[in-house]
Student: 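Take a look at the following structure, please.
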Amino acid sequence: MICIITGDIVGSRKIKDSWLLSLKTALKIVSGQNSKWEIYRGDSFQVEVEPENAIRAAAYLKACIRVNKPADVRMGIGIGDIKNKRKKLSESSGDAFVNSGAAFDSLKQAKVNLAIKTDSADFDEEINVLIKLSLISMDSWGVVAAEMVKLALENNNLLQSELAAISGRTQSSVSEALKRAHYTEIMEMDRLYRKKLNQMILK
């Protein structure tokens, strides 16, 4: 079982290319050691991540792109099996790719920027409600909030005082930015997602 995230940059033609370097760097980080990612058609991408890291990876990609305001990103998360694993992601096939494409294609009609699809309709319904709630916050991240979420996800073992030292900000401004971003609640959603995913796999 693998996870494929399919995405594109919202309004990429109207904004500078500063998002491109941010996207490439973020894709390298979220794909980890397997380093399976591709950018195609200029502003679309696919990346393979561990299924349990899907929500965290999506939040990180969103933070990295929203640093380049007014850029934003749409993403479809697909979880499932892989049939033909080839060197290029775009040439591979399996349920994970089909589910990712279906999740991505559903975004415009649902008027959301993030959705998940697996082979379990009950799991999808539950997690997509959580995602919609989290997007109330994530879709309104300003540059500072996005920067702090990005930094917190890159250094999830550090205290806020240590994040402040790295960012050159005061601890109170870091705390305020993460509070505005609803970072704690998004991490709670990530934990619940991991728990539900584990239960689904064990069924």
Side-chain angles (χ1 to χ4, degrees), residues 1-8 26-38 45-64 73-107 109-139 149-150 152-158 178 181-203:
M1 188 176 275
I2 64 163
C3 173
I4 298 294
I5 299 175
T6 302
D8 73 354
L27 290 172
K28 283 176 191 171
I29 289 171
V30 298
S31 63
Q33 291 179 330
N34 75 38
S35 201
K36 287 271 183 142
W37 59 273
E38 277 178 43
F45 64 89
Q46 269 195 331
V47 60
E48 180 185 329
V49 301
E50 294 293 331
E52 63 268 23
N53 293 334
I55 297 294
R56 206 178 187 89
Y60 183 72
L61 286 163
K62 192 168 182 78
C64 289
V73 60
R74 278 186 297 242
M75 290 172 284
I77 300 168
I79 294 173
D81 295 329
I82 185 166
K83 282 181 185 167
N84 297 311
K85 195 164 193 177
R86 307 197 187 280
K87 203 167 186 181
K88 287 184 78 173
L89 268 185
S90 55
E91 293 172 2
S92 301
S93 63
D95 289 347
F97 293 90
V98 173
N99 287 340
S100 183
F104 183 77
D105 290 342
S106 74
L107 297 176
Q109 191 178 355
K111 294 181 179 175
V112 293
N113 285 333
L114 181 63
I116 191 167
K117 187 168 184 346
T118 68
D119 294 330
S120 167
D122 288 344
F123 177 86
D124 295 353
E125 184 181 15
E126 204 169 341
I127 301 303
N128 278 318
V129 168
L130 293 176
I131 286 173
K132 281 179 185 174
L133 289 168
S134 75
L135 287 172
I136 295 168
S137 165
M138 292 165 74
D139 283 345
V149 170
K150 176 178 177 289
L153 286 169
E154 288 169 348
N155 304 278
N156 60 334
N157 295 321
L158 296 188
L178 290 175
H182 293 277
Y183 180 75
T184 301
E185 291 81 1
I186 289 164
M187 289 302 98
E188 284 173 6
M189 177 182 78
D190 175 58
R191 283 192 291 276
L192 183 58
Y193 160 79
R194 288 168 188 263
K195 181 182 172 183
K196 295 284 182 185
L197 180 71
N198 200 34
Q199 288 169 351
M200 180 181 74
I201 290 168
L202 293 173
K203 272 185 182 177

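In this text the structure is predicted, and so the values were computed from the model without any measurement.
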Student: Which residues pass the side-chain contact (heavy atoms from CB on, under 4.5 Å) test with N155, sequence neighbours left out?
Tutor: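 Checked N155 against side-chain contact (heavy atoms from CB on, under 4.5 Å); matches are L151, L158, L163, I166.
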Student: Among all residues two or more places apart in sequence or in another chain, which pass the salt bridge (Lys or Arg N to Asp or Glu O under 4.0 Å) test with D139?
Tutor: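 With sequence neighbours excluded, D139 shows a salt bridge (Lys or Arg N to Asp or Glu O under 4.0 Å) to K62, given in chain and number order.
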Student: Of all heavy-atom pairs between A58 and I5, which one has the smallest distance, and what is that distance?
Tutor: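 Scanning both residues completely, I find the closest heavy atoms to be N-CD1, 4.4 Å.
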Student: Of all the heavy-atom pairs spanning S31 and V47, show the shortest one and how long it is.
Tutor: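 Closest approach of S31 to V47, heavy atoms only: CB-CG2, 3.7 Å.
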Student: Minimum heavy-atom separation for A115 to S106, with atom names?
Tutor: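 What the structure gives for the nearest pair is CB-OG, 4.2 Å.
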Student: Which heavy-atom pair separates I186 from S137 by the least distance, and what is that distance?
Tutor: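 Shortest heavy-atom separation between I186 and S137 comes out as CD1-OG, 4.4 Å.
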Student: With sequence neighbours excluded, what pairs up with M200 under the side-chain contact (heavy atoms from CB on, under 4.5 Å) test?
Tutor: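 Applying side-chain contact (heavy atoms from CB on, under 4.5 Å) to M200 gives T118, S120, F123, L197.
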Student: CE/M138 to CG/L114 distance, rounded to the nearest 0.5 angstrom?
Tutor: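 It is 6.0 Å, given to the nearest 0.5 Å.
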Student: Where do L178 and A152 come nearest, in terms of heavy atoms and distance?
Tutor: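 That would be CD2-CB, 4.1 Å.
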Student: To the closest 0.5 Å, what do you measure between CE (M75) and CG (L61)?
Tutor: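 The distance works out to 5.5 Å.
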Student: N128: which residues meet the side chain to side chain donor-acceptor pair (under 3.5 Å) condition with it, sequence neighbours left out?
Tutor: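 Here no residue qualifies.
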Student: Run the side chain to side chain contact (heavy atoms under 4.5 Å, CB included) test on T184 and E188 for me, step by step, so that the C-alpha distance in whole Å, both residues' side-chain angles and the decisive distance to 0.1 Å come before the verdict.
Tutor: CA-CA 6 Å; T184 301; E188 284 173 6; 3.9 Å; yes
Student: Would M187 and R191 count as a side chain to side chain contact (heavy atoms under 4.5 Å, CB included) here? Give the steps.
Tutor: CA-CA 6 Å; M187 289 302 98; R191 283 192 291 276; 4.1 Å; yes
Student: How about L130 and Y193: do any of their side-chain heavy atoms sit closer than 4.5 Å?
Tutor: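 Contact flag for L130/Y193 side chains = no.
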Student: More than 12 foreign heavy atoms under 6.0 Å from CD of E125: is that the case here?
Tutor: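 No.
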Student: Taking the side chain as C-beta and beyond, is there a heavy-atom pair between I79 and N99 under 4.5 Å?
Tutor: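 In short, these two side chains do not touch, never coming nearer than 4.5 Å.
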Student: Could you tell me the separation between the CD1 atom of I2 and the CD atom of E50, rounded to the nearest 0.5 Å?
Tutor: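 Answer for the CD1-CD pair, I2 versus E50, is 9.5 Å.
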Student: Under the side chain to side chain contact (heavy atoms under 4.5 Å, CB included) rule, what do W37 and V49 come out as? Steps first, then yes or no, please.
Tutor: CA-CA 9 Å; W37 59 273; V49 301; over 6 Å; no
Student: If we only count heavy atoms from C-beta on, is the Q46 to F97 side-chain gap below 4.5 Å?
Tutor: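 Contact flag for Q46/F97 side chains = yes.
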Student: Say you draw a straight line from CD of E52 to CE of M1; how long is it, rounded to the nearest 0.5 Å?
Tutor: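 So the gap between those two atoms works out to 11.0 Å.
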Student: Taking side chain to side chain donor-acceptor pair (under 3.5 Å) as the test, write out the residues that go with Y60, two or more places apart.
Tutor: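 Y60 satisfies side chain to side chain donor-acceptor pair (under 3.5 Å) with E154 once adjacent residues are dropped.
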Student: Tell me every residue that passes salt bridge (Lys or Arg N to Asp or Glu O under 4.0 Å) with D190, counting only those two or more places apart in sequence or in another chain.
Tutor: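 Testing D190 for salt bridge (Lys or Arg N to Asp or Glu O under 4.0 Å), a comparison that skips the adjacent residues, returns R56, R194.
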Student: Under the salt bridge (Lys or Arg N to Asp or Glu O under 4.0 Å) rule, collect the residues that match up with K196, sequence neighbours excluded.
Tutor: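 K196: salt bridge (Lys or Arg N to Asp or Glu O under 4.0 Å) contacts with E126.
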Student: Could you walk me through whether I131 and V112 pass the side chain to side chain contact (heavy atoms under 4.5 Å, CB included) test, one step at a time?
Tutor: CA-CA 9 Å; I131 286 173; V112 293; over 6 Å; no
Student: Suppose we screen for side-chain contact (heavy atoms from CB on, under 4.5 Å). Which residues come up paired with S100, at least two apart in sequence or across chains?
Tutor: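 Result, side-chain contact (heavy atoms from CB on, under 4.5 Å) vs S100: I4, T6.
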Student: Restricting to salt bridge (Lys or Arg N to Asp or Glu O under 4.0 Å), what partner residues turn up for K117, sequence neighbours left out?
Tutor: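 Partners of K117 under the salt bridge (Lys or Arg N to Asp or Glu O under 4.0 Å) test: none.
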Student: Between A103 and I116, what is the shortest heavy-atom contact and its length?
Tutor: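 Closest pair (atom of A103, atom of I116, distance): CB-C, 4.2 Å.
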